[in-house]
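Notes to accompany the following structure.
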Amino acid sequence: MDTPALLPLALALVAIPIAILLFNRIRRGRLPPGPRAWPVVGNLFDIHPVRCRCFMEWAGKYGPIMTVWLGTSPTVVVSTSELAREVLKNNDQQLADRPRNRSSERFSRGGVDLIWADYGPHYIKVRKLCNLELFAPRRMEALRPIREDEVTAMVESIYRAITAPGEEGKPMVMRKHLSMVAFNNITRLTFGKRFIDAAGELDEQGSELKAIVNNGIKIGASLTIAEHIRVLRWLNPVDEELYNAHSARRDRFTRRIMDEHARELERHGAKQHFVDALFTLRDKYDLSDDTVIGLLWDMITAGTDTTVITVEWAMAELVRNPRVQMKAQEELDRVIGHGRVMLEADIPNLPYLQAVVKESFRLHPPTPLMLPHKASTSVKIAGYDVPKDASVVVNVWAVARDPGVWDNPLEYRPERFLEESIDIKGSDYRVLPFGAGRRVCPGAQLGISLVASMIGHLLHQFTWALPDGTRPEDLDMMESPGLVTFMATPLQVVAMPRLDKEELFKRVPVDMS
Ligand code: HEM
C-alpha cells in the first residue's frame, strides 16, 4: 500500500479513540472532582487498601462528593450526612441498582437473589417477601430462643476456655467465640440446623457448608484487575467451569436440606426457619429455585461476619474504656442482678447497654462503605452529574466521624445516644450502619438484637481487661481491608467471671430444628 492510501487509516486510528473519549465525556456531564486518574487504570493503584480511611482522607482534599476511577468505571463517593440523604432518600430509586462484577453476576445467577438484584419488579417482590414474611417481627420473636441458646453457648465456651487448668488470667482470642454464635445462629435461622455439636465439632454437612463458603471467597478473590478494565476482560476470561462446579455444589447442598425439610413438613407442619418459610411461600410469591437458593445464601453471606465484627470492635472499645464497661455492668447488675442470666426481654430496660451498642455501630460499622449502589439513570447530586451506570458509595464510616455533625467524633462515648434520641436503622443520616432507603438492611433489627444480647451477656458475666503490659493506646485499632472490616489484629483480652454460681455459665440448649 502506498503512503497516501495509509493516511486516512492512520487518521481514523487517531480520531476514533479521541471521538469516543469526547463522546463519553459529554455523555457523563460534569462529574464530581476527585484525585487525578491515570489512563486506563484510573485511581486503582492510588487507593489505600482500607478504603473507608482512604476515601475519608481524599474527601478532605477533593470535597464531600468525589469521583474515584476504579479502572475505567467511575465511582461516586459521598462522605457527609447531607449527601447521604441525597443518595439514599432524595434519589433513592434512581440509585438503587447494584453493580455486579463477573463473580457476583455468576454467584447470583444474574441477580435473581436479593443482594445483587437490580431495583425492579423482581427486587420489589423478594424485598416484600423479606419485609413481610422472613423478617416479620413475629417470626423474629419465634426464633428468639435460638439466639438465646447460642449466646449462652458462647458464654459457656468462654468460661471453659478461661477456667481450663493453666489458662486462668491468660489472654484469649475473642473472635473464635463470637464466630461460633454468629455461624450457629445464622445456619439455624436459615437452614433450620445446628451443624456444630456440643463439643464444638462440625458435622459432615457443616464441613461441606464451610467448604462452600470458603470456596466462594477464594473464587471471588481470584478476580484480577481485568474486572475494572473492560477491554482487558476478553484477555482474561473467567473460568466458567470453576463457577459452574461451585454453583452445582451449592445447589446440591441446599436441595438436600430443602428435601429434608419438605419431608419433615409433611409430618409436622412448617417451622419458622427461612427454609420452611420459603418452601411454603414459593407459590404465593412465584419464586424460582434459583431465587430460593439465592435468598438462603444471601442470609449466610450478609448475616454472619457483620455481627462478629461489631461485637469484636465493641469489646475492644470496652477494654480501652473501663469507665464505660463498669457503667454498663452497674446497669446490668441493677436490672438483672447476679441470680440469673440476661434475656432479650431485658434489653428495653437496659438503656445504657443500648447506647453502647449504638456507639459501637457508629464508630465501627462493619460494612463501612455499605454495599455499592448503581445509577439506573443519570442524576444530579450537589450540582454534579452522576452518570447512568456509575457506582455510588456512601462512606458511612466517614459520615459517623464527621466533626460537622458529631461532638468529639473519635471519642467512644455512649452517653451521646442518651442525651439525644438517635435511630441507627436508617432514619437518621448521621449514623447509617445498615444503610437507608429502599435497600436498607432487612436484617437490621435482628442484627441489633443479637449484638445487644451478645455484648450484654459478655459484660454481665465477665469482666474484661487488656493483657498484662498492654496499654489502651497499644491496641491496634486498624481495620482489615475488604468489603467488611474486621479488626486487622484479632482482639486478645483477659476475661474474669463475675457471677458466683457455676451453673449460670452453662449453655441453655433449645431444640428448634
Ligand atoms: C449486625 C449487623 C449488620 C449490619 C451492620 C448490616 C449492614 C448492611 C448494609 C450496610 C447493607 C447494604 C445496604 C445498602 O445497600 O444500602 C445490608 C444489606 C443486607 N443485609 Fe445486612 N447487616 C447486618 C446484619 C444482617 C443480618 C443478620 C442479615 C440476615 C440474616 C442481613 C441481611 C442483609 C441482606 C439480605 C441485605 C441486602 C439487602 C438488599 O440488597 O436489598 N444483614 N446490610
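Counting starts at 1 for both ligands and their atoms, following the listed order. Being a predicted model, the structure only gives us computed values, none of them experimental.
Taking 4.0 Å as the cut-off, Pro366 counts as a neighbour of ligand 1 on heavy-atom distance. Heavy atoms of Tyr123 approach ligand 1 to within less than 4.0 angstrom.
At distances below 3.5 Å, not a single donor-acceptor pair connects side-chain atoms of Trp313 with backbone N or O atoms of Pro366. At distances below 3.5 Å, at least one donor-acceptor pair connects side-chain atoms of Gln325 with backbone N or O atoms of Leu318.
Contacts of Ala302 with ligand 1, taken as heavy-atom pairs under 4.0 Å, involve both backbone and side chain. Contact annotation for Arg438 and ligand 1: no heavy atom of the residue comes within less than 4.0 Å of the ligand.
Between the side chains of Glu57 and His48, no donor N or O sits under 3.5 Å from an acceptor N or O.
Scanning the protein for heavy atoms near atom 40 (O) of ligand 1, the closest one is Arg98 NH2, 2.8 Å. Atom 12 (C) of ligand 1 has its closest protein heavy atom at Leu371 CG, 3.8 Å. Ranking protein heavy atoms by distance to atom 4 (C) of ligand 1, first place goes to Phe434 CE2, 3.3 Å. Regarding atom 34 (C) of ligand 1, its nearest protein heavy-atom neighbour is Pro442 CD, 3.6 Å. Closest protein heavy atom to atom 13 (C) of ligand 1: Arg439 O, 3.2 Å. Atom 37 (C) of ligand 1 has as its closest protein heavy atom Ile115 CG1, 3.7 Å. Protein heavy atom at the shortest distance from atom 21 (Fe) of ligand 1 is Cys441 SG, 2.3 Å. Among all non-hydrogen protein atoms, the one lying nearest atom 35 (C) of ligand 1 is Leu114 CD2, 3.7 Å.
For the pairing with Arg413, the salt bridge (Lys or Arg N to Asp or Glu O under 4.0 Å) check across Glu419, Glu359, Glu317 returns one residue only, Glu419.
Between atom 2 (C) of ligand 1 and the options Leu189, Val484, Thr306, the minimum heavy-atom separation is to Thr306. When the heavy-atom distances from atom 14 (C) of ligand 1 to Gln445, Arg127, His364, His373 are ranked, the shortest goes to His373. In the candidate list Thr367, Ile186, Val357, Thr367 is nearest to atom 10 (C) of ligand 1, counting heavy atoms. Taking all heavy atoms of Phe135, Tyr119, Phe361 into account, the minimum distance to atom 29 (C) of ligand 1 is reached by Phe135.
In summary, Arg188 and Asp149 engage in a salt bridge, as defined by a charged side-chain N under 4.0 Å from a carboxylate O. Under 4.0 Å is where a charged nitrogen must lie from a carboxylate oxygen, and between Arg109 and Asp251 at least one such pair does. Between Arg98 and Asp118, no side-chain nitrogen of the basic residue sits less than 4.0 Å from a carboxylate oxygen of the acidic one, so the salt-bridge criterion is not met.
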Sequence neighbours excluded and cut-off under 3.5 Å, please list the side-chain donor-acceptor pairs for residues 77-89, or say none.
residue: Thr80; atom: OG1; partner: Leu83; partner atom: N; Å: 3.3
residue: Glu86; atom: OE2; partner: Asn90; partner atom: ND2; Å: 2.8

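Between Tyr62 and Trp58, the ring planes lie perpendicular to each other; the angle is over 60°, past the 30° to 60° tilted range. Relative orientation of the Phe253 and Phe191 rings is perpendicular, given thresholds of 30° and 60° on the angle between their planes.
The shortest N or O to N or O distance between Thr310 and ligand 1 is not below 3.5 Å. An N or O contact shorter than 3.5 Å is missing between Thr307 and ligand 1 by distance.
The heavy-atom pair separating Val399 from Tyr429 by the smallest distance is CG1-O, 3.4 Å.
Interface atoms of ligand 1 facing Pro433, defined by a heavy-atom separation under 4.0 Å, are 5 (C), 7 (C), 10 (C). Close approach of ligand 1 to Met370 (heavy-atom distance below 4.0 Å) involves ligand atoms 10 (C), 16 (O).
Taking the six-membered ring for Trp, Phe417 and Tyr352 have ring centres at least 6.0 Å apart.
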